[in-house]
Amino acid sequence: MRLVLAVALAVLFPSAALAADLAPAPAEPAAPAAPGYSWTGFYAGLHAGYGWGEQNVDQNDLIARDRAIMMGGTPLVCPPGQTFLVMTGVCEITDDKFMPNKFDVKGVIGGVHAGYNYQFANSGLVVGVEGDVDYAGIKGHANGLAGVHATREDDPFGLGMTGFVQRSLHLKSEWQGSVRLRAGYAIDNILLYATGGIAIAEANLINNTGLFAQGGIPVSGLSARTSSSKVHIGWTAGLGAEYAITANWLLRAEVRYTAFQEKSYGTSYIANANTLIDKPVKIGWDQVTSTLGLSYKF
């Protein structure tokens with residue numbers, strides 16, 4: 001009996017140890033997934049690019065018209081919308097061949113930007129606000145030419161002088177800026193966004209006008225130049241993309257359309273040696289800018 005019990009114990013205990021060795025080991029806990037890139041935070045940077053657009057106000061009203069031309073000391077009366085041409089000796093409709101209705105503007109643009117992004121938790125939705133201040137070389141010009149007959153102080157008989165009135169307008173914007181909202185969707189370290197807000201720009205308008213005798217000789221005393229600057233408010237909207245190179249450095253590309261409101265500028269043109277007629281003109285323009293930039297996220 002004792003022998004049977006000993007054999008049974010010898011058989012049982014090795015089997016139990018072997019069963020324990022065959023039991024599955026507990027699974028190792030999985031490592032937590034690495035978090036995606038977060039766009040939340042302040043940033044600032046530099047950008048540069050090119051802008052192009054169109055000045056969008058009719059300049060034809062700047063050509064001397066009804067009663068602005070003197071014939072033998074008497075104001076010449078032309079129908080509205082016409083000017084006197086000495087080449088034909090009659091009043092004719094003033095059109096683009098005298099002063100273009102519109103002219104192109106273009107130039108480089110670049111400056112600084114800063115803003116703040118907020119990315120919603122467990123979401124790719126990103127919202128933010130951004131401002132920028134730019135140096136701008138946006139400029140354009142238009143030239144006009146019309147034949148007239150003008151009197152002079154030293155013309156005692158009031159016979160007048162045949163010549164050409166030449167006009168030129170030069171528009172230049174040297175600084176611009178904007179304050180905008182941004183909203184977009186992030187795919188890890190890539191952000192696609194739309195932006196829009198208020199824009200502001202300074203512009204300078206130079207107007208030159210003068211009477212040139214036949215042969216292109218300027219007539220002394222019959223010229224005028226005006227120059228004035230205005231601040232224009234407008235709106236801007238566009239699309240962009242950003243790429244986080246590292247946790248802090250961001251590359252961007254952006255295209256925006258901006259429309260600046262019209263402002264009234266005073267100009268002068270020649271009626272005769274004693275008279276400069278002031279003719280205000282409303283100037284506004286729109287532009288598209290394409291820029292590349294580099295930002296640092298704090």
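- Glu202 places none of its side-chain heavy atoms less than 4.5 Å from the side chain of Lys230.
- Between Ser178 and the choices Thr195, Thr258, Thr236, Asp132, the side chain to side chain donor-acceptor pair (under 3.5 Å) rule is met once, by Asp132.
- Residues Asp134 and His47 have side chains that bring a donor and an acceptor to within less than 3.5 angstrom of each other.
- There is no side-chain donor-acceptor pair under 3.5 Å between Arg256 and Thr289.
- No hydrogens or angles considered: nothing links the side chains of His141 and Ser168 as a donor-acceptor pair under 3.5 Å.
- Ionic pairing of Arg182 and Glu242 is present here: one or more N-O contacts between side-chain nitrogen and carboxylate oxygen are shorter than 4.0 angstrom.
- Looking at Gln119, its side chain does come within 3.5 Å of a backbone N or O of Trp39 through a donor-acceptor pair.
- For Glu130 and Tyr43, the side-chain atoms include at least one donor-acceptor pair closer than 3.5 Å.
- Between the side chain of Tyr185 and the backbone N or O of Tyr193 there is no donor-acceptor pair closer than 3.5 Å.
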Worked check of side chain to side chain contact (heavy atoms under 4.5 Å, CB included) between Leu46 and Val112 | CA-CA 5 Å; Leu46 304 173; Val112 298; 3.4 Å; yes
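- Between Trp285 and the choices Trp52, Tyr257, Phe260, the ring-ring contact (aromatic ring centres under 6.0 Å, His included) rule is met once, by Phe260.
- Thr40 and Asn117 form no side-chain donor-acceptor contact under 3.5 Å, judged by distance and modelled atom types alone.
- In terms of modelled atom types and a separation under 3.5 Å, the side chain of Lys263 and the main chain of Val231 share a donor-acceptor contact.
- Taking the six-membered ring where the residue is Trp, the centroids of Tyr116 and Tyr118 are separated by 6.0 Å or more.
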Test side chain to side chain contact (heavy atoms under 4.5 Å, CB included) on Leu171 and Leu169 and set out the steps.
-> CA-CA 7 Å; Leu171 177 71; Leu169 287 178; over 6 Å; no
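- Between the Asn189 side chain and the Tyr243 main chain, no donor and acceptor come within less than 3.5 Å of each other.
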Should Ile200 and Trp175 be marked as a side chain to side chain contact (heavy atoms under 4.5 Å, CB included) after you check the CA-CA gap, both sets of side-chain angles, and the distance that decides it?
-> CA-CA 9 Å; Ile200 186 171; Trp175 68 262; 4.1 Å; yes
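- Residues Gln287 and Glu54 bring no donor and acceptor atom of their side chains to less than 3.5 Å of each other.
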